[in-house]
**Student:** 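Could you have a look at this structure, given as structure tokens, before my questions?
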Amino acid sequence: VHTEAVQAALAKHKERKMAVPMPSKRRSLVVQTSMDAYTPPDTSSGSEDEGSVQGDSQGTPTSSQGSINMEHWISQAIHGSTTSTTSSSSTQSGGSGAAHRLADVMAQTHIENHSAPPDVTTYTSEHSMQVERPQGSTTSRTAPKYGNAELMETGDGVPVSSRVSAKIQQLVNTLKRPKRPPLREFFVDDFEELLEVQQPDPNQPKPEGAQMLATRGEQLGVVTNWPPSLEAALQRWGTISPKAPCLTTMDTNGKPLYILTYGKLWTRSMKVAYNILHKLGTKQEPMVRPGDRVALVFPNNDPAAFMVAFYGCLLAEVVPVPIEVPLTRKDAGSQQIGFLLGSCGVTVALTSDACHKGLPKSPTGEIPQFKGWPKLLWFVTESKHLSKPPRDWFPHIKDANNDTAYIEYKTCKDGSVLGVTVTRIALLTHCQALTQACGYTEAETIVNVLDFKKDVGLWHGILTSKGLRQEVICPCASSPEALTVAIRRPTDDSNQPPGRGVLSMHGLTYGVIRVDSEEKLSVLTVQDVGLVMPGAIMCSVKPDGIPQLCRTDEIGELCVCAVATGTSYYGLSGMTKNTFEVFPMTSSGAPISEYPFIRTGLLGFVGPGGLVFVVGKMDGLMVVSGRRHNADDIVATALAVEPMKFVYRGRIAVFSVTVLHDERIVIVAEQRPDSTEEDSFQWMSRVLQAIDSIHQVGVYCLALVPANTLPKTPLGGIHLSETKQLFLEGSLHPCNVLMCPHTCVTNLPKPRQKQPEIGPASVMVGNLVSGKRIAQASGRDLGQIEDNDQARKFLFLSEVLQWRAQTTPDHLLYTLLNCRGTIANSLTCVQLHKRAEKIAVMLMERGHLQDGDHVALVYPPGIDLIAAFYGCLYAGCVPITVRPPHPQNIATTLPTVKMIVEVSRSACLMTTQLICKLLRSREAAAAVDVRTWPLILDTDDLPKKRPAQIYKPSNPDTLAYLDFSVSTTGMLAGVKMSHAATSAFCRSIKLQCELYPSREVAICLDPYCGLGFVLWCLCSVYSGHQSILIPPSELETNPALWLLAVSQYKVRDTFCSYSVMELCTKGLGSQTESLKARGLDLSRVRTCVVVAEERPRIALTQSFSKLFKDLGLHPRAVSTSFGCRVNLAICLQGTSGPDPTTVYVDMRALRHDRVRLVERGSPHSLPLMESGKILPGVRIIIANPETKGPLGDSHLGEIWVHSAHNASGYFTIYGDESLQSDHFNSRLSFGDTQTIWARTGYLGFLRRTELTDANGERHDALYVVGALDEAMELRGMRYHPIDIETSVIRAHKSVTECAVFTWTNLLVVVVELDGSEQEALDLVPLVTNVVLEEHYLIVGVVVVVDIGVIPINSRGEKQRMHLRDGFLADQLDPIYVAYNM
């Protein structure tokens, strides 16, 4: 490949200047070797606003405005719209719409977002906080730093702001370049997947020549006095002319070091032969017998010793296996060599004195066993160590026969090592053919600079035995299997130039020979390698499939039929058959010869005049979308881009990896230690351009590693298969990576076109016709359950509490545990009643509140919170529970508190004395405006009097309390719970879990919203059971607290969250034995329910069950519940009823909103666990979210719910609830159009199982798949982030957590790295591969961050939208950001 061509190709690219985003690296990752060549990439990373505000295109100091502008800016770039400042971001799944500021919100902006509750996220991003950090995470995130905002140059010298947002914009621009012509058809793969397939280009070159004829070499001349075998030849020369020099070893300066004469060679080889046969083992039991294999281990600077040992073996009739000297125990590839030695049954290794001394030794002086090697006896062949053979001993010299003479090792493409066996007759014939072809005569000198242990070096230097004029250079072609394939003869006529061809590179990729002119850029110039060997026949056959003869203008694998070739791969009969016993066919299917041919592993053709041309090796062949590329050619092109300036010569590896059913080209090179980041990036982008222009193929991944870190072969080359292995394992540790999946991957499935929806009526009819039932299910009917429920007489919880205080005043309702597991506080019925009365007085007298006023309760999890709640009910106020700010993290947690207080229109805020001080502290003043707090009441000192009368609501449909929570998409949504709904809720749970005053229930949940709040504050008062309260934050100091309490109080029912379960699984995994010793016993647990608002995390619940099985936990006890904003608990496992079932669905069908059940373990299967039993009084139906029509059994749709404890609507500051009104009162468009349903916003399906439920009916299981507003729409398909994240976490052992989100149609993957920063870049290719393979998506940006950067809320759910905001505002401080081109 011409260097000039490469330079010309690059010059063409230079004209189309394209700003390509450079990856962002943390300072510690930049290799600073020579300081003078190193320029620090930026100077402003530490400062708050040194260069950020001025140098920034946004020019706005607050990050929130920045994100608006930026969203506007990117959406402009994408949609070309310049009008609306807040054009909604392009994830059209009803996620957080555009970034609205609170100010706009106050001005009643109309939101273009119809399916989600109002979005208040950007109010938070003004203070750059994460809502709801878990209580214990005290990662001190100070004010955001926008570093790196200075202008930097990118690879092509185009300056660009290095803000993340700017880089993503660049990336989007580069991806808008016209791609390859679109592929027309798609084909159906065997697994019913629509993958694009490369349709043959109608203009592609096709071979047109006639079928080739096999080419014969000249006759092998029979010279009368040729010796009958090689040993006979040695004996002859050793006795006739013992003084003649046989071999001279030169040092590096060309001085002769050592001369071996034929006489010495003969006597020493005899000595070696005698010692091998007679001095190893005992007389009765010799270690080596004729025909056994022995290893030859000699260093490259000692050919004489090797030659003596080699001939010694031939004379002793043992089979030498020459291998390289193992330098360390972990030498690249030495394990496979060991495997070869083992399979050859080698027990003895011959070596030289110097080499023996240099081998690694154990402290006792023994040579250790190398990894994967058999146990060897090391035997030194120097004469002084050997005993002389007796006078009468003489080696047995016979004529050459079909016994194996030696075994040459060969390393395959995949790194495995095979032994090629060469027989004695092949050895002799080969020597004769070489001697004849090269015209060797006695007393001539040949110079050998090749490795004498294998290949051409062994044959010419060891076995056969002028000022350099141009025609003396005789290239030859050889392969381990076929020995010498062709050699160019020395000519007497110096005017005759060697044959050469200038071939079109494009033609070669289709295996077609097209002669081109040298002016063209993409041509390959080849010279012939001479003629076919004497006595051999050669042809070329198609590289794959049946060995059919090629046409004359077609490239194929060269095949040879001759005596002088290898005969087999030692011990591998199947592989031998495919390589050494090939019968080439004509197009009519007739074999061309009765003798077998041998595949040489070389690609080429036989040109005019019988000249052989080789264009590449089968091992280096990469077939990318049906076109063939040669690794060596790509190496040549890469090296021609700035030769020697950047990459050490030869320190470059090219191989292909299979990703998504096609080969992808990977280039790994060692960069010079003094190159800067910009140098490397520029070199990489130029290599990509050069390869694209000259070979018309995209490079999938280009990685640069520090100098001298790639695994070496014994001769110092790069060990390809080992490098590939490291790349795929993620242990290559590159210092620069550039991935271009967008240009390479052209076989993605077609983007899904949404079909016009079938109307709801036809869906219904279709289901009826096919005998499918409509997907609906219900819990037990509340009306039919006969129970002696005393609390039912009361409409209001406040009345239930008063009744309990009168009838069972000293019955214990609540016990609060501290981190040591001792009781911190407890409440009986009458104590709770009296505290509530005092709080009611305080609200009326000090707060002057009217009935119906809203009161924010800001308490830590505990007893005060419960008392304050009932105090509000007694005073006729509406309570709102709010998580208190975290004292170590006020800046990020306090704004959420403030926002809930404002949004809920609280007239008063009740709290403890400690938090009261915190709310007015200096730190608080820095985070929020403390002057605008409503009245703050401190309940630590209460008035001593009772209220005149306790408030009784006039109507059960009035508001009891407000439930506020922040969803994972960053939405703050408050729902209204009426008194009737609250009582119905408590009753439903009482029936499902069979709760009575004699029961004890352990609760380890946050008491601020959803089912957690109901279990903590309401259920005990209604059912009378004792609740043992365990604040989850206490588990941070004592992870065993919850389980020890469950064991100690002999609890049958317990509730926890996923974060608690994860804490126990990670924190107690290694302590099960010691816990057992402490008497921890979980055998009484009947139900352990995880309270969640998401798809059940089956892996976590299963590992929890397995881990604590030894402590008596029944595997059937662990289950999950499901609730959402419109109904805080829809399912809950409860006590009776069948166990939760698990089904496996096809993940690919799920993307198309279809449910296809598959067997466990089938490819692309996803396990889904039922979310618990449907609660009494709850009805569920599955509806199409678009048409609102009912769906059939096992169809994916939105879960709609109807029950007495549905919330009655959102409570928001908009006053404009019409937007979300259909969340709470939707009707089906067909079928039962009367019932009012609430829409959960979650996709799922119902499936009738074979099990029976408590009423003896068939049981209907509900499976939750995921939230509609979390789902990402990409390529027309619906993806749930958790599925992609699960794949990514499996991709490499150092990935501890992962979160994905989309930005302008780019998929961004954030991974937390648990390991050294050196591993950060290993993750980029692996993450890209796994997402392509399993989800058919191209990752746009890979962000590697430290552990704990991905924000997680109190329920243990990832806050992906916060992460997205943080990423775009440059607040993550990533270790590495890769922009996949």
Side-chain angles (χ1 to χ4, degrees), residues 1 3 5-23 153-158 160 167 170-180 505 509 521-522 622 624-625 627 629-643 645-647 652-657 659 662-671 675 677-705 727 734-746 1321 1324-1325 1328 1338-1342 1378-1381:
V1 178
T3 312
V6 173
Q7 299 305 340
L10 288 173
K12 273 184 23 196
H13 270 274
K14 205 80 178 157
E15 293 153 24
R16 307 195 309 231
K17 268 204 168 175
M18 194 79 229
V20 174
M22 245 181 88
E153 297 241 323
T154 55
D156 283 338
V158 179
V160 57
K167 292 196 168 179
Q170 284 176 283
L171 184 55
V172 171
N173 286 344
T174 58
L175 299 183
K176 286 203 298 208
R177 289 214 314 239
K179 283 272 288 292
R180 302 280 147 78
M505 200 74 99
T509 62
L521 292 184
S522 50
M622 301 181 291
V624 182
S625 358
R627 291 173 57 214
H629 301 277
N630 210 293
D632 296 337
D633 296 343
I634 287 179
V635 169
T637 303
L639 287 175
V641 175
E642 293 182 82
K645 219 164 92 185
F646 190 76
V647 175
I652 185 164
V654 172
F655 51 86
S656 63
V657 294
V659 183
D662 199 358
E663 290 187 38
R664 315 284 176 199
I665 296 179
V666 178
I667 302 180
V668 182
E670 288 185 359
Q671 68 175 33
S675 45
E677 293 293 295
E678 277 81 3
D679 287 347
S680 351
F681 187 71
Q682 186 151 4
W683 183 81
M684 290 162 93
S685 25
R686 296 186 59 184
V687 167
L688 295 176
Q689 293 165 356
I691 290 172
D692 189 73
S693 307
I694 288 182
H695 302 271
Q696 278 102 48
V697 67
V699 175
Y700 178 68
C701 175
L702 181 54
L704 294 177
V705 297
F727 173 81
C735 46
N736 277 299
V737 167
L738 197 49
M739 299 212 52
C740 306
H742 296 278
T743 43
C744 301
V745 181
T746 51
L1321 283 83
V1324 179
T1328 311
I1338 293 178
V1339 177
V1341 184
V1342 181
Y1379 301 92
N1380 285 351
M1381 323 286 243

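We number each residue from 1, following the sequence as shown.
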**Student:** What's the spacing between L702 CG and I665 CD1 if we round to 0.5 Å?
**Tutor:**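 Going from CG on L702 over to CD1 on I665, the span is 11.5 Å.
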**Student:** Measuring only between side-chain heavy atoms, which start at C-beta, is P741 closer than 4.5 Å to Y700?
**Tutor:** yes
**Student:** Between V745 and R664, is the side chain to side chain contact (heavy atoms under 4.5 Å, CB included) condition met? List the steps.
**Tutor:** CA-CA 8 Å; V745 181; R664 315 284 176 199; 4.0 Å; yes
**Student:** Is a side-chain donor or acceptor of R627 paired with a backbone partner of V697 at a separation under 3.5 angstrom?
**Tutor:** no
**Student:** So does A640 get a backbone contact from the side chain of Q7, meaning a donor-acceptor N/O pair under 3.5 Å?
**Tutor:** yes
**Student:** As an exercise, state the distance from CE of M22 to CG of N736, rounded to the nearest 0.5 Å.
**Tutor:** 7.5 Å
**Student:** State, to 0.1 Å, how close P1325 and M739 come at their nearest heavy-atom pair, and which atoms those are.
**Tutor:** CA-SD, 3.3 Å
**Student:** Between V654 and H629, does a side chain to side chain contact (heavy atoms under 4.5 Å, CB included) hold up when you go through it step by step?
**Tutor:** CA-CA 11 Å; V654 172; H629 301 277; over 6 Å; no
**Student:** Out of L704, N1380, V1324, which residue meets the side chain to side chain contact (heavy atoms under 4.5 Å, CB included) rule with V737?
**Tutor:** V1324
**Student:** Among T637, V624, T509, N630, find the residue that satisfies the side chain to side chain contact (heavy atoms under 4.5 Å, CB included) test when tested with H695.
**Tutor:** T637
**Student:** So, taking the atom named CD1 in I634 and the one named CD1 in I667, what distance separates them when rounded to the nearest 0.5 Å?
**Tutor:** 6.5 Å
**Student:** What's the shortest heavy-atom distance between L738 and S685, and which atoms?
**Tutor:**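 Looks like CD2-N, 4.3 Å.
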**Student:** Would you name the heavy atoms of W683 and V641 that are closest together and state the gap between them?
**Tutor:** NE1-O, 3.5 Å
**Student:** Taking all heavy atoms of A638 and all of V687, pick out the closest pair and write down the distance.
**Tutor:** CB-CG1, 4.1 Å
**Student:** For the atom pair CD1 (I1338) and SG (C744), what is the distance rounded to the nearest 0.5 Å?
**Tutor:**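 Separation between the atoms: 8.5 Å.
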**Student:** What is the minimum heavy-atom distance between G1340 and H742, and which atoms define it?
**Tutor:**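 Heavy atoms of G1340 and H742 come nearest at CA-NE2, 4.2 Å.
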**Student:** At what distance, to the nearest 0.5 angstrom, does OG1 of T746 lie from CG of D662?
**Tutor:** 7.0 Å
**Student:** Over all heavy atoms of both residues, which pair between F727 and C701 is shortest? Give the atoms and the distance, please.
**Tutor:**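 Heavy atoms only, the tightest pair is CE1-SG, 3.8 Å.
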